[in-house]
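Okay, structure first, notes after.
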Amino acid sequence: MNAMVTIFHNITSLSPFWCFWFITALLLHFFLKKLLPNPKSSIPGGYALPPSPPALPLIGHLHLLTPVLVTSFQTLARRYGSLIELRLGASKCVVVSTATVAKEVLKTHEHNFLSRPEFGASEYFIYRGSRFVMAPYGPYWRFMKKLTMTRLLSPPQLAIAAAIRRDEVGKLVERIEANSREKKPSDLRLEFTTLTNNIISRMLLSTRCCDGIDEAQEVQDLMWKINRLAGKLSLGDILGPLKVLDFSGNGKKFVTTMKRFDGLVERIMKEHEAAVNGGRDPDRKLDVLDILLECHNDPNAEMNISRKDIKSFLLDLFMAGTDTTATAILWAMAELLNRPKSMEELRKEIISVVGEKKLVQESDLPNLPYLRAVVNETLRLHPSAPLIIRECLDDCIINGTLVKAKTRVLVNAYAVMRDPESWSEPDRFLPERFLEGSHENIGSHRMEMKGQNFRYIPFGSGKRGCPGSSLALLVFPCAMAAMVQRFDFKVDGDGDGDTIDLTPGPGFAAEMATPLVRYANPINKNT
Ligand code: HEM
């Protein structure tokens with residue numbers, strides 16, 4: 001019961017009035033569902049549904065969950081199986097928790113799981129119908145994915161933006177040095193989010209956004225709000241279709257914030273268009289918005305993308321790319337601070353390969369195996385998007401059981417990547433397991449990074465896999481290397497450090513529950 005109270009508390013802080021409506025609405029939904037006929041299955045009878053823990057009327061399995069969804073799902077999977085069906089209030093889903101079943105969903109039957117369901121904040125998206133991340137598998141999604149992979153986030157486009165990333169990592173170091181000079185602690189979550197926001201703002205919207213400090217700051221503030229509100233609305237998903245009633249008021253706040261984002265991006269789009277009409281500076285490299293506007297104006301383009309599509313897509317990239325990468329750097333620092341030996345090993349490698357003065361460059365990464373191993377191990381233990389959300393198109397047999405059309409599927413990457421059947425000492429941070437020659441390196445780590453070995457899926461897998469993984473795998477190691485090379489982080493100015501609480505926080509993202517605020521003592525001041 002305690003767990004249930006905590007969940008309800010975390011979902012929204014409801015007044016008694018809204019509590020009454022919440023319960024009434026849930027009851028209504030429950031009875032309406034009972035009255036509606038079930039659609040016919042295309043699979044011959046005889047297959048059981050996935051196993052499910054005993055449920056309570058109305059709330060289903062909510063009472064079995066704690067606010068940290070990924071660990072709750074993991075615990076239930078250990079008891080009831082690698083594919084289980086859960087009902088969370090009005091919302092039903094199946095949860096996948098092992099590599100074998102993840103492979104069935106993400107590879108063997110991939111074509112049947114290429115769409116995502118309407119989920120969380122979808123109801124409130126002012127760009128509804130244009131969303132790429134949540135788009136059903138179809139011509140719009142295919143066109144945008146191809147454009148993303150071949151142009152927007154392609155290797156040449158990433159190479160063009162290398163100077164931006166180098167500059168922003170340098171600025172991160174400067175900000176932390178400034179805090180240190182002023183004897184102030186650094187809030188590492190804030191610093192890493194500023195880093196990723198600035199990088200993505202500049203890559204997507206170019207100097208315009210960063211020329212006007214106010215615009216850059218505004219984008220960052222809006223993204224902060226949008227990401228937090230989207231998280232809260234995702235938890236409100238247990239209300240099913242009734243969430244449109246917006247008990248908490250978060251939906252309204254979300255729409256207002258999105259409209260401010262829309263206004264800001266519209267302004268930046270007009271600046272881009274004016275620059276093109278006035279004759280573009282031939283030395284200026286195209287940013288992502290320039291490429292999208294080119295497509296918008298191209299009468300021969302394979303598909304016509306609207307202004308709304310462009311703004312929606314930019315918002316998707318901000319939402320999918322900023323917090324995820326910042327969170328990964330934060331977890332890595334927390335793990336390293338708890339394991340001074342790994343920190344020392346990494347520092348030694350960086351200094352021996354790039355020296356003490358120069359920061360690690362992207363071109364150095366192939367020569368830094370331990371750094372890459374720390375990155376891989378962090379993403380294994382703390383995937384930034386731990387619940388991969390898909391929808392089943394047609395009735396399908398998975399793990400010998402019937403998964404019905406329209407079922408929401410959550411692949412719990414957190415549980416998959418901590419499964420003792422696939423990993424030795426799965427809960428320990430052991431970067432060495434990713435080094436060549438380690439007993440766990442079965443010669444397939446390269447495949448793993450491409451999402452083709454289903455015990456390691458931090459970026460999902462297949463056609464619907466993360467298109468930003470190459471970008472994340474440049475920003476994450478370089479920023480972390482800069483921190484390790486330049487600073488000693490302490491809980492206070494003189495202390496020897498402390499143990500950091502690595503408990504994951506509530507919600508779908510399972511971010512670090514406790515803030516990571518530390519005093520940074522510069523190791524080498526010659527920048
Ligand atoms: C450490 C950082 C990141 C992690 C762990 C991560 C993880 C993921 C995961 C697990 C998915 C779902 C994949 C699936 O369904 O198979 C995803 C999708 C996506 N990610 Fe990332 N991501 C990261 C960074 C980024 C960045 C930097 C960008 C772009 C700027 C980005 C853009 C996207 C987009 C657009 C999708 C939706 C793709 C689709 O639906 O086709 N991500 N990401």
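Indexing begins at 1, ligand by ligand and atom by atom, following the structure's order.
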Practice prompt. Hey, can you tell me if Tyr124 and Phe254 have their rings parallel, tilted or perpendicular (30° and 60° cut-offs)?
Written response: perpendicular
Worksheet entry | Enumerated ligand 1 atoms positioned under 4.0 Å from heavy atoms of Lys145 | 38 (C), 39 (C), 41 (O)
Discussion item. So if I count the atoms of ligand 1 from 1 in the order they appear, which ones are less than 4.0 Å from some heavy atom of Ile388?
Written reply: 10 (C), 14 (C), 15 (O), 16 (O)
Worksheet item: By number and element, which atoms of ligand 1 are closer than 4.0 Å to a non-hydrogen atom of Gly460?
Response: 10 (C), 13 (C), 14 (C), 16 (O)
Worksheet entry | From Leu336, Leu516, Leu502, residue fulfilling side-chain contact (heavy atoms from CB on, under 4.5 Å) relative to Trp331 | Leu502
Item to complete: Check whether any N or O atom of Ser384, backbone or side chain, sits under 3.5 Å from an N or O atom of ligand 1, and answer yes or no.
Response: no
Discussion item. Both conditions, 6.0 Å and 45 degrees, for the charged tip of Arg455 above the ring of Trp423: are they met here?
Written reply: yes
Worksheet entry | Phe132 touching ligand 1 at heavy-atom level, < 4.0 angstrom | yes
Worksheet, complete the sentence: Here the atoms of ligand 1 under 4.0 Å from any heavy atom belonging to Ile200 are 30 (C)
Discussion item. I'd like to check which ligand 1 atoms, numbered from 1 as shown, lie under 4.0 Å from a non-hydrogen atom of Trp141.
Written reply: 39 (C), 40 (O), 41 (O)
Worksheet item: Does NZ or CZ of Arg464 lie under 6.0 Å from the centre of the six-membered ring of Tyr137, at an angle within 45° of the ring axis?
Response: no
Worksheet item: Regarding Thr503 and Asp501, is there a side-chain donor-to-acceptor distance under 3.5 Å anywhere?
Response: yes
